[in-house]
Amino acid sequence: MAVDLRLGIDVGGTNTDAVVLDRDDRLLAKAKVPTTPDVTSGIAAAIEAVVAAPGIHGSRISHLMLGTTHATNAILQRTGLRRVAVLRIGGPATYAVRPLFGWPEDLRAAVSAGERIVEGGIEFDGRELSPFDAEETGRFLDSVAGRAEGVAVVSVFAPVSAEHELAAEAVVRKHLGEGIDVTLSYRVGSVGLLERENAAVLNAALVGVARDVATAVGAALRTHGLTPTTFFAQNDGTLMGLDYALAHPILTIGSGPANSIRGAAYLTGARDALVVDVGGTSADIGVLSHGFPRESAAGVEVGGVKTNFRMPDLVTIALGGGSLVVEAGSEVRVGPESVGYRLLEEALVFGGSTATMTDAAVAGGRASLGDAAAFTGRTDVLARGLQRADTMLADAVDRVKVSRGAVPLIAVGGGSILVPDQLAGVSEVIRPDHHDVANAIGAAIASVSGEVDRIFHLGPGGRTAAIEEASADAVNQAVTAGADPAAVEIVELEEIPLAYLTSPAVRIRAKAAGPLQAADGSVP
Amino acid sequence: MSERVRQIDATNIDALALGCAVLGAGGGGDTSVGRLMALQAVEDYGPVPLVDLDDLPDDALIMPCGGIGAPTVSIEKIENGAEGARLREHVERLWGRPVVAFLSAEIGGSNGLIPIVWAARVGLPVVDADGMGRAFPEVPQVTMHVAGISPNPAVMTDERGNVVIFDAVSGHWMERMERAAAVEFGGMASSSEYQLTVLQARTATVLNSVTLAIRIGEAILRAEGDPVRALVEAIDAVALIEGKVVDVERRTTAGFVRGSATIAGLGDDGGREVRLEIQNENLVALEADAVLAIVPDIITVLDTESGRAISTERLRYGQRVTVIAFPCDPIWRSERGLEMAGPRAFGYDVDYTPVEVLHGG
């Protein structure tokens, strides 16, 4: 189906937002509904709300871009996870830390169908560490047959060469059948064996959750006569095709902040800026760098397990529209408590009895809402609360900045009225229209990406050849995922030399991204 | 906390790992894999006795050991775990006598933990001492070398069971040969050099450094409120500046990461600016042209909030940090020690002044 209308949905902690954009990226409809505990019925409600908007014909919605928290919730609550057989290819190395060592016991019990280390793996320069032991692999797989609902395969230095992981995949299919879901670590993580292994195992465990979401959302779409091509938002602010997302659900974790940074970029046209997304309880400050969220240098923990996939580099502070403003002795404190979704009942300005940051923003003249007479006797406390909040924001902005000098700050989200027009270290504060649904817009306008993170042993072509190879691989991946080959470009390139080693080797991370291919259903 | 630590087990490995990172002076490799290896080893094989030299006979043989190579390889190609047992077997064969205890060649970074892993598996104790008291990049930059102990015979092995015996004419050649062999083994190998007797170790090693690492880690873990202050008080360090990283510059030459980082002061230190010169480790702290601390004294960058050490490769703009410095072992301050690891050994044409002299101690 040719690109016509795009439906973007972002599931947040408090609200599920939906927008409909036309092919020129004009906003035709937007909706905000409460996020539900099961997540899926909130998504259905959001779809219903935008489709009901005047001028929207459901049949014209050609693409759905979905950013959802299902995967995070499943890991945190240990629900809906599949049992995974964990195959590590690295013997005789790596026995000193066995698979899943150090995992929370309940998560390991919920996820593992058995673990085995077999001979094989790759060296940093691409040689074999030892030959891959297919026979032992077969014996292990036979021992978990009937118990394992999925298989995670990780080989030493798979980011240098995936050869042994691919060989193992063939053995898995032979022993456990063509239909079994297999996660190869090189597709979900970068250098760092244990973190990549953890990410691969969690990914394999989440495959069922992803299928359930796709089925439920598909049903909601059909109810309204919608038949769009579906994409999932991932943690780097780009999109994965449905099939890819079903095989790589772990990459959806952390897509929310990425979406709001991308949405802010779209709404303002900025390529480099800071973005603050202020919600009801907290504010995330991130960095927009060349049109994409800057990613954290270190891996993140998910459900008590260390992984090495990257998230937007954020500073999160307990400051939102619902944050309480409390007099504590001679000080005035802001947050971390918040009235959250009860803001419309509890804030002074809405006739309630709780002093919140929304009241402070209205009293300070930053917004006109509700009944300003409600502040009698509290104006001093609110003014000091606002001052305190400005300090918190300025401090967070400073922590997230990449260099000295003032930079623009884009303020989005429902609570962004409390962001002042002037802030230390900020050249200007930009408040785009429709900032309240920036995250759903970010999902709808996101581009499709491909990424490479590998160690290159420098040959005769030197650095230049290695960078070219990495870039070409990243571009290919983006195109395979559905990006327009004519418009794909390298958006990130990082080179990290290996220390304490005389033989020249370098780790290169390259990311390519481009808009959706405008032609029809060829998109995967 | 003055109670003597008698063994390394699951109750103090976290503290040991934190302490090894602080003693690493920004280098020595990430301690997170070493921590997991040590936790698994004591879970599977039981605690490792921590002994003083006084607990051992004077003529008994001690085996210094550790890993050599690229930290990036060690987070991917994790060890088998039996490397230490193989090193011991060959050291005993070459010397014709038993090894009574393992000794960390380098307490700073991951090598502070690896001998624990190996000792647990073979049932030997580790000595409460090491060969650096910190981290240094090269094989001969150990106190045993300063004390005149021979690096020979050196034994190197890999996870497959390959073994190389080295007999080098100098520390410099030992470094060159071992580094080349480590690349051939896949960028990382395990080795033992500078084996010595208990009597020799009394003057040729940095004593009580394992206990010191645990004390540092416990100060951070048990701190109520301000872990940096707790750490500074526990080891009598000097806080050079509290501030924010405002510039990091890094480049790689001949396999070593060189560069600098600039920290701008905050709070009481507002208006000040300190620059760190880096060659894998933090080597010099400068304010304008004045030296605040210099190698071989230990300069470590701590996360101001958590008190945890930040390695040189993880330094980045915007981090809130406190830079601390504290004295190296007196062995490094001897003429021969400074020749091996003083400012001029790293290309800085300045005389060494001890950190406590620079700060009126």
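Letters A, B, ... are given to chains in the order of the sequence lines, protein chains preceding strands, and every chain is numbered from 1. These values consider heavy atoms only, across backbone and side chains, with no hydrogens, waters or symmetry-generated copies.
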Could you tell me whether a side-chain N or O of B:N80 sits under 3.5 Å from a main-chain N or O of A:P92, the two making a donor and an acceptor? yes
Donor-acceptor under 3.5 Å (B:Q40 side chain, A:R98 main chain):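 Checking the backbone N and O of A:R98 against the side chain of B:Q40, a donor-acceptor pair under 3.5 Å is found.
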For chain A, find its close neighbours in residues 9-18 of chain B: heavy-atom separation under 4.5 Å, sorted by number, or none.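 So no residue qualifies.
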Counting only heavy atoms closer than 4.5 Å, note whether [X] contacts chain A via side chain, backbone, both or neither.
| X | result |
| --- | --- |
| B:K244 | side chain |
| B:S32 | side chain |
| B:D158 | neither |
| B:R160 | both |
| B:E83 | neither |

Part of A:E128 within contact of chain B (heavy atom distance under 4.5 Å):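 Just the backbone, heavy atoms under 4.5 Å.
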Considering only heavy atoms, which portion of A:L129 lies under 4.5 Å from any heavy atom of chain B: side chain, backbone, both, or neither? both
Would you indicate whether the side-chain heavy atoms of B:I75 and A:L193 approach each other to under 4.5 Å? no
Is there a side-chain contact between A:E123 and B:E184, using heavy atoms and a 4.5 Å cut-off?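 Result no, sub-4.5 Å side-chain heavy-atom pair not found.
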With the threshold set at 4.0 Å, does a side-chain nitrogen-carboxylate oxygen contact exist between B:E76 and A:R88? no
Closest approach of A:F157 and B:T72, non-hydrogen atoms and distance? CZ-O, 4.4 Å
Do you know the tightest heavy-atom contact between A:R127 and B:V183? NH2-O, 3.5 Å
B:R308 CZ: over 12 foreign heavy atoms closer than 6.0 Å: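 Not buried by this count: 12 neighbours or fewer within 6.0 Å.
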Does a sphere of radius 6.0 Å around CD in A:E163 hold more than 12 heavy atoms from other residues, nucleotides or ligands, not counting ones at 6.0 Å or beyond? no
Using 0.5 Å steps for rounding, measure from the OH atom of A:Y95 to the CG atom of B:D44. 13.5 Å
Quick one: CG on A:D398 to CG on B:L266, what's the gap to the nearest 0.5 Å? 7.5 Å
Contact leader toward chain B among A:G102, A:A158, A:G91, A:A96, where contacts are heavy-atom pairs under 4.5 Å: A:A96
Evaluate A:V97 against B:R35 for side chain to side chain contact (heavy atoms under 4.5 Å, CB included), listing each step before the verdict. CA-CA 10 Å; A:V97 184; B:R35 172 184 162 271; over 6 Å; no
Of the listed residues (B:D30, B:V33, B:I78, B:L36), which shares the most heavy-atom pairs with chain A below a 4.5 Å separation?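 Top option by heavy-atom pairs under 4.5 Å: B:I78.
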